[in-house]
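Quick caveat, the model's predicted, so the values are computed rather than measured.
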Amino acid sequence: MSEAMSSLVALGPQACLAAGLFCALASGMMIKLPASFYRALVVFVLICAAVLAALGAPQSLPPLGRVDGIGISWQFLFYLGAVPYALSLTDDEVPAALFLGSVLGMALLAVASNLLMLFIGLEFMSLPVYLLVSRGGGGTEHSEEAAVKYFFAGGVAGSLFLLGLALYYAATHSLALVSSQGALAEAGVALMGAAALFKVGAVPLHFWLPDAYEAASPELSGFMSTSLKAAGFLLLMRLIALAPGSAFAASLPALGALTAVYGAVSALRQQSLQRLLAYSSIAHAGYLILGVGAWAAQGALPIGASAIFFYLAAYLFMSNGAFAFLAVSGARTRADLKGYGAAEPLKAAMFGALLLALAGIPPTAGFLAKLLIFWEAVKAGLYWPLAGASLGALLSLGYYLGLIQDMFFEEAGAPLKASKGAGSSVIWACALPAAVLGLAPWLVASLSGVLK
Amino acid sequence: MKLLTILWALPAAGGLLALLSGRKSREVSLFVAILALIASALPFKDLSALSSLAETGPSWPIGISYSLGLDGLTLGLCALTAFLTIVSLLGSWKQDLSTGFWASFLFLESALMGVFLARDLFFFYIFWEASLIPMFFIIGIWGSDGRKHAAVKFFLFTFFGSLFLLVGLLALITQRYNVTGIWTWDMAQLHGGASGPAALATFAALIVGFGVKVPIVPLHTWLPDAHTEAPAAGSIMLAGLMLKMGVYGILRIAIPAFPELSRSLLPWLGGIAAVNVIYGALCAMAQSDLKRLVAYSSIAHLGFCLLGIFSGTVEGITGGSLQLINHGLTTGALFLMVGFLYERSHRRGLSDFGELAGRAPWLTFFFGFSVFSSIGLPGLNGFVGEFMSLAGMTRALPTLALVGVAGVTLAAAYLLPAYQAVFWGAAGPSSVSSHVDDLDFRERALLWTLSGLMLAIGLFPGPWLRLVAGGLQ
């Protein structure tokens, strides 16, 4: 096989997504097809991309690309996390194409070995989401406002990244992802890292997030909190690997603890469920940032990334399931949930299991995820940030248990208008793994083999 | 499938079955609970071969392995769990309760069995935490007026402790890794850690983690609310078994992991236990609610267990361990009877009754029996456990043993007046004694069994002491 052919095979998932994107746009221009066609197309493309990613072997594709274990495994997070939103598409080709474009951006990010390529992936995955948010469908009327806010925040993040990139280039005279020391290079990494922190919603760069998650449709919020966030963390990890000993990397654990506590405290005060889950996703980002910090403190070796990967994988089920529940049940505020346990015991039990998983109670997946992150923090000797994160976990019980309390301990309120669609099966498909994956520590053991 | 796996998996499967069986869930739950009791009785056949029942799965690279073990103390606590589950189910038999109630008790039983059987810290912690979920629902859905507040308070407090426990466990295995270069979560391989500042911090985290569950004063404030607001059956499980998890954890994990530290910290640890004894007793004296009084008495009694265990002597540890089982029986019986009173009259206040002795002689008899067991009357079970705990402490630190003896006296000072006011004293104007009928056959049968066990342990303590001491060498 020629060299060009082999690199094309290595980039199979990206090619597949691009072909799907083209297909959606082209068919939309020519004839009017039902929404079910686009749903099927997008899901099919996602599955194909995942299969192709699984077939790919680690290799270098100079000068812009590199396929490695982390890149491959993160692509699964992107594609799997995107499925629930794909199943909820109800419109013409526009959202389908935008959505595939965003996933393509993530896929490019996963195989980038060059700062410029990272930037392209970052922007490619972000831009379509601003437009998707502006289409609304969530718990507020202000979707345009939220989208504009999100867009400007994203613009700032992009400029920070470019500025950092320039500094890094000035220090190293190269755009390749090669680690480097020196104040200038570290400053560059810090600025680029700030852009990644924007994307994952770290305090104090989170201000856009609750509005965007509340304005978007619940399924889109699910997508943003899982796939998009996983991509943000991949970006952060790629950057940290450039300078694991830098002051920026050393500040991450404290930042993570702060984010976890802030997210939990803010979520306690929310009445809108989508906003509550948005703040909860900020809190979860906090644990992940702590995990990234612990990973960096131990030298940022690929094999140490399994805790972060497992957390993202567990969160993928928990968050997508919780947002799918909001979509299916029609519940918008906490008051809507009162007495839901008596009216719909099965769905309430599923949501309850998801909430316990989000809270990190054994034997759920959320517990094992938190345990692994905490373990990494103990290994790295980060006891104070760990205490902060524990406080966040304790505070978060206030709202997760509060929702369970609303559903099961309160008298019934007015019945909700439930919506139809694939949502119920999504809840099932998310709640079951979220509930029992904590009993499978061997999974983690095998993961660390993949992430070599 | 192996027996020990069955011990925890059977109730869990039974809980699912009960959820699915609708109206028959009550009968299904009882049937499964009886099967579990039979299963937990099987190892009694040959007490010398307990360790051969241990199950050890393959060890995964991160050092976690599915391993269960059995010794005398574990067996005693497992049998107590199976027994008290049946008592709880039968105690609520006549109440009109939904499917989830009966299933919750089986899930709780499963988690408790797992806690006592686990020999791997990962699975220990899983079961430890999983026990919170059914109890949260039992208190929150089927409790009395303040149930919502009490359920959340219970969960938050114990989860707060669990975080300390988790960090402590992680620090423990990491410290061991730094010495040996091997990751292991196996309890047996984590024994005998050194002392030093890091070890002290880890030990303290473990003690706080377990101490919230015991509960150690001042981490106890969740207990009165949770016990009072829970349904009677829930209080039986809470006081009879869930508090034991804390002491069991200290005995099984914290002390063996840091033997030198726990010896050198004896005055502090014993002091905590003595404070528990006195504080619990004084609080119990101040209560006007019968259920709350019994709840506070648990704090005092668990203080005795701790006194024995922290003493580090054979008598003390054996007595403290036996006292775990004693307290489960005695307090289980007391909560059961308070529940019977509440079921009949919807009151629990000390001044709401009076002159019950004539109306309900059986209830009076059994309540008196349990009160005397709780006080530690010689010939009943409480005496054996408390005596040996205090004897152990006398050898280690006589001053603290004296404080404990004062606690025994205080127990009489809060239980007897309460007993007198409810059953023998004059009925006040607001008395609801006329609503209280005597016990029926089912209730008498339950209490005969409980009282019989109390008497058996009190008169023939030898075999029981040998049983719990078997695993403590």
Engineer: To the nearest 0.5 Å, how far apart are CG in Leu397(A) and CG in Leu132(B)?
Structural biologist: 9.5 Å

Engineer: Chain A heavy atoms under 4.5 Å from Trp185(B): which part of the residue, side chain, backbone, both or neither?
Structural biologist: side chain

Engineer: Do you know which of Trp128(B), Tyr125(B), Phe127(B) makes side chain to side chain contact (heavy atoms under 4.5 Å, CB included) with Pro362(A)?
Structural biologist: Tyr125(B)

Engineer: Which region of Tyr177(B), side chain (C-beta onward) or backbone (N, CA, C, O), has a non-hydrogen atom less than 4.5 Å from a non-hydrogen atom of chain A, or is it both or neither?
Structural biologist: neither

Engineer: Quick check on the interface: out of Ser390(A), Gly352(A), Ala387(A), who has the most heavy-atom pairs with chain B under 4.5 Å?
Structural biologist: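 Most heavy-atom pairs within the cutoff with chain B belong to Ser390(A).
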
Engineer: Heavy-atom distance under 4.5 Å to chain B: side chain of Ala377(A), backbone, both or neither?
Structural biologist: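 For Ala377(A), there is no contact with chain B at all, as no heavy atom is under 4.5 Å.
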
Engineer: Do you know the tightest heavy-atom contact between Tyr383(A) and Ala171(B)?
Structural biologist: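 Nearest heavy atoms, Tyr383(A) then Ala171(B): OH-CB, 3.9 Å.
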
Engineer: With rounding to the nearest 0.5 angstrom, report the CG to CZ distance, Leu394(A) to Phe157(B).
Structural biologist: 9.5 Å

Engineer: Select one option (side chain, backbone, both, neither) describing which atoms of Phe367(A) are under 4.5 Å from chain B's heavy atoms.
Structural biologist: side chain

Engineer: Search all heavy atoms of Leu156(B) against all heavy atoms of Gly398(A) and return the closest pair with its distance.
Structural biologist: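 Shortest heavy-atom contact: CD2-N, 4.4 Å.
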
Engineer: Measure across Lys379(A) and Trp183(B) and return the closest heavy-atom pair with its distance rounded to 0.1 Å.
Structural biologist: CE-CZ2, 3.4 Å

Engineer: Can you say whether Ile141(B) sits under 4.5 Å from chain A via the side chain, the backbone, both, or neither, judging by heavy atoms?
Structural biologist: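 Both backbone and side chain.
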
Engineer: Taking atom CZ of Phe155(B) and atom OH of Tyr400(A), what is their separation to the nearest 0.5 Å?
Structural biologist: 13.0 Å

Engineer: So which heavy atom on Ile361(A) is nearest to which on Glu129(B), and how close?
Structural biologist: CG2-O, 4.4 Å

Engineer: Heavy-atom distances under 4.5 Å only: say whether Leu371(A) touches chain B with side chain, backbone, both or neither.
Structural biologist: both

Engineer: Could you grab the distance from atom CG of Leu368(A) to atom CD1 of Ile126(B), nearest 0.5 Å is fine?
Structural biologist: 7.0 Å

Engineer: I need the residue from Phe159(B), Phe160(B), Phe123(B) with the largest number of non-hydrogen atom pairs under 4.5 Å to chain A.
Structural biologist: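 Of the candidates given, the most pairs with chain A belong to Phe159(B).
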
Engineer: Could you pull out the closest heavy-atom pair between Ala151(B) and Phe409(A), with the gap in Å?
Structural biologist: CB-CE1, 3.9 Å

Engineer: A side-chain contact here means heavy atoms from C-beta on lying under 4.5 Å apart; do Leu169(B) and Phe374(A) qualify?
Structural biologist: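 Side chain of Leu169(B) against side chain of Phe374(A), heavy atoms only: no contact under 4.5 Å found.
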
